[in-house]
Amino acid sequence: MPPMARFIGFGNVVLPVRDLPASIAAWTALLGGPPAFQSDDFAAFSGDGVEIGLTAAPWVDHPLVFWAVEDIEQEHRALVAAGATAMTEISDGSLAEVGTAEAAAGDNIDPATGIVDMPGARLAVLKAADGNLIAITQEVPMDWSADQS
């Protein structure tokens, strides 16, 4: 029997949005403050140990819960061994099974696993045998030296 993944808690939830600026305004009003992070297609609100992400990219079409793990590579292997399929973001912003399409451009995506390195976190999305998406995230220390010129 394959090893069971060890989720250590709730990481965050990502919500799909059609109009990112309108959603940011709505969530800013609901939560009483602006997002902690914002880009052209994503915004994240953080506070009291909870993070809510808003995405305009098409890679998710329903709320997606990210579960915190201590070792993303180990847990990724355990999920794949249990029958999950590794997914990766492709150039149009959607998800595809690893190895079936070219991963989105960038040095931050491992093409063999779909694990993405981001400032302060590593994340991965997998598809369970029933078609539901499973997302995992691992906090990592920020490398501030890369930001200094």
Side-chain angles (χ1 to χ4, degrees), residues 2-21 23-24 27 31 34-149:
M4 185 171 174
R6 291 176 301 230
F7 301 142
I8 57 175
F10 169 77
N12 57 53
V13 64
V14 175
L15 305 172
V17 301
R18 286 188 168 70
D19 183 339
L20 186 60
S23 292
I24 290 171
W27 282 94
L31 299 175
F37 172 82
Q38 184 175 341
S39 70
D40 291 342
D41 62 2
F42 186 80
F45 293 86
S46 297
D48 296 329
V50 175
E51 183 173 289
I52 297 170
L54 307 174
T55 183
W59 60 272
V60 63
D61 58 2
H62 53 80
L64 180 59
V65 174
F66 277 81
W67 294 96
V69 298
E70 289 184 10
D71 182 334
I72 196 165
E73 291 178 358
Q74 176 181 329
E75 302 312 328
H76 190 278
R77 284 190 300 272
L79 289 166
V80 169
T85 301
M87 305 297 286
T88 191
E89 184 177 354
I90 59 175
S91 62
D92 70 358
S94 64
L95 289 176
E97 182 178 335
V98 166
T100 64
E102 189 172 334
D107 297 338
N108 60 339
I109 299 176
D110 180 338
T113 63
I115 295 173
V116 179
D117 290 306
M118 303 185 70
R122 301 184 78 204
L123 59 92
V125 177
L126 301 98
K127 186 184 290 187
D130 69 356
N132 282 302
L133 296 178
I134 304 165
I136 54 177
T137 183
Q138 174 188 345
E139 286 187 31
V140 295
M142 293 279 293
D143 180 8
W144 295 104
S145 63
D147 292 335
Q148 298 179 12
S149 319

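Predicted model only: the values in this text are computed from it and were never measured.
- The two atoms that bring Thr85 and Glu97 nearest to each other are CG2-CG, 3.2 Å, heavy atoms only.
- Counted within 6.0 Å of CG on Asp19, heavy atoms from surrounding residues, nucleotides or ligands total more than 12; the atom is thus considered enclosed.
- Minimum interatomic distance between Leu20 and Ala56 (heavy atoms only, all atoms of both residues): CB-CB, 4.2 Å.
- Not counting sequence neighbours, Trp59 has no partner by the ring pair (Phe, Tyr, Trp, His ring centres under 6.0 Å) test.
- The OG1 atom of Thr88 sits 10.0 Å away from the CD atom of Glu102 when rounded to the nearest 0.5 Å.
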Donor-acceptor contacts under 3.5 Å from residues 121-138 side chains, at least two apart:
{"from": "Arg122", "atom 1": "NE", "to": "Asp117", "atom 2": "OD1", "distance (Å)": "2.5"}
{"from": "Arg122", "atom 1": "NH1", "to": "Glu73", "atom 2": "OE2", "distance (Å)": "3.3"}
{"from": "Arg122", "atom 1": "NH2", "to": "Glu73", "atom 2": "OE2", "distance (Å)": "3.3"}
{"from": "Asp130", "atom 1": "OD1", "to": "Asn132", "atom 2": "N", "distance (Å)": "2.9"}
{"from": "Asp130", "atom 1": "OD1", "to": "Asn132", "atom 2": "ND2", "distance (Å)": "3.3"}
{"from": "Asp130", "atom 1": "OD2", "to": "Asn132", "atom 2": "ND2", "distance (Å)": "2.9"}
{"from": "Thr137", "atom 1": "OG1", "to": "Arg122", "atom 2": "O", "distance (Å)": "3.2"}
{"from": "Gln138", "atom 1": "OE1", "to": "Ile72", "atom 2": "N", "distance (Å)": "2.8"}
{"from": "Gln138", "atom 1": "NE2", "to": "Glu70", "atom 2": "O", "distance (Å)": "3.3"}

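- Counting all heavy atoms, side chain and backbone alike, Ala96 lies closest to Thr100 at CB-OG1, 3.9 Å.
- Interatomic distance, CG of Leu64 versus OG1 of Thr55, reported as 10.0 Å (0.5 Å rounding).
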Open item on the list: I'd like to know whether Thr113 forms a side-chain contact (heavy atoms from CB on, under 4.5 Å) with Val98, so could you lay out the CA-CA distance, the side-chain angles of the two residues, the decisive distance to 0.1 Å, and finally the verdict.
Closed with: CA-CA 7 Å; Thr113 63; Val98 166; 5.9 Å; no
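- Pro35 and Ala43 get closest at one heavy-atom pair: CB-CB, 4.1 Å.
- Under the salt bridge (Lys or Arg N to Asp or Glu O under 4.0 Å) criterion, Asp41 pairs with no residue at all, not counting sequence neighbours.
- Within the 4.5 Å cutoff, no side-chain heavy atoms of Phe42 are placed close to those of Leu54.
- Heavy-atom minimum distance, Val13 versus Pro63: CG2-CB, 4.3 Å.
- Glu89 has its side chain out of reach of Val116: every pair of non-hydrogen atoms, C-beta onward, lies at least 4.5 Å apart.
- Rounding to the nearest 0.5 angstrom, the gap separating the CZ atom in Arg77 from the CG atom in Asp71 is 6.5 Å.
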